[in-house]
K.L.:
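Please see the structure below; I have some questions.
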Amino acid sequence: MTDSCPACVRRAIRPAAERRRGDTVVHGYRCPACGHTWATARHLPAYTSTRRSVA
């Protein structure tokens, strides 16, 4: 799963780190353009295409 940088709006940034906690996945990102770091937490059942690839 990719994300967009909230600082410079660069798109399609791949996660630098991933941690799973039950039905939740936490991705850590670092923008290669501006260096901004952030994290997202996603509840996997809400992403059906992601859920299929995990199972």
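Positions are given from 1, in the same order as the sequence printed here. Owing to the predicted nature of the structure, the values given are computational and were not obtained by experimental measurement. Note: hydrogens, waters and symmetry copies are ignored here, and every other heavy atom, side chains too, is used.
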K.L.:
Could you measure the distance from the CZ atom of R11 to the CG atom of D3? Nearest 0.5 Å is fine.
P.N.:
11.0 Å
K.L.:
Could you go through the side-chain contact (heavy atoms from CB on, under 4.5 Å) check for R42 and M1 one step at a time?
P.N.:
CA-CA 10 Å; R42 293 181 173 99; M1 199 170 283; 3.1 Å; yes
K.L.:
Quick one: does I13's side chain get under 4.5 Å of S4's, heavy atoms only?
P.N.:
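Heavy-atom side-chain distance check fails, nothing below 4.5 Å.
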K.L.:
Say you draw a straight line from SG of C5 to CZ of R10; how long is it, rounded to the nearest 0.5 Å?
P.N.:
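It is 9.5 Å, given to the nearest 0.5 Å.
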K.L.:
Heavy-atom distance under 4.5 Å between the side chains of T24 and L44, does that happen here?
P.N.:
no
K.L.:
What is the minimum heavy-atom distance between C31 and C34, and which atoms define it?
P.N.:
SG-N, 3.5 Å
K.L.:
Would you call the rings of Y29 and H27 parallel, tilted or perpendicular, where under 30° means parallel and over 60° means perpendicular?
P.N.:
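Rings of Y29 and H27: perpendicular, as their planes differ by over 60°.
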K.L.:
Does a side-chain heavy-atom distance below 4.5 Å link E18 with V25?
P.N.:
yes
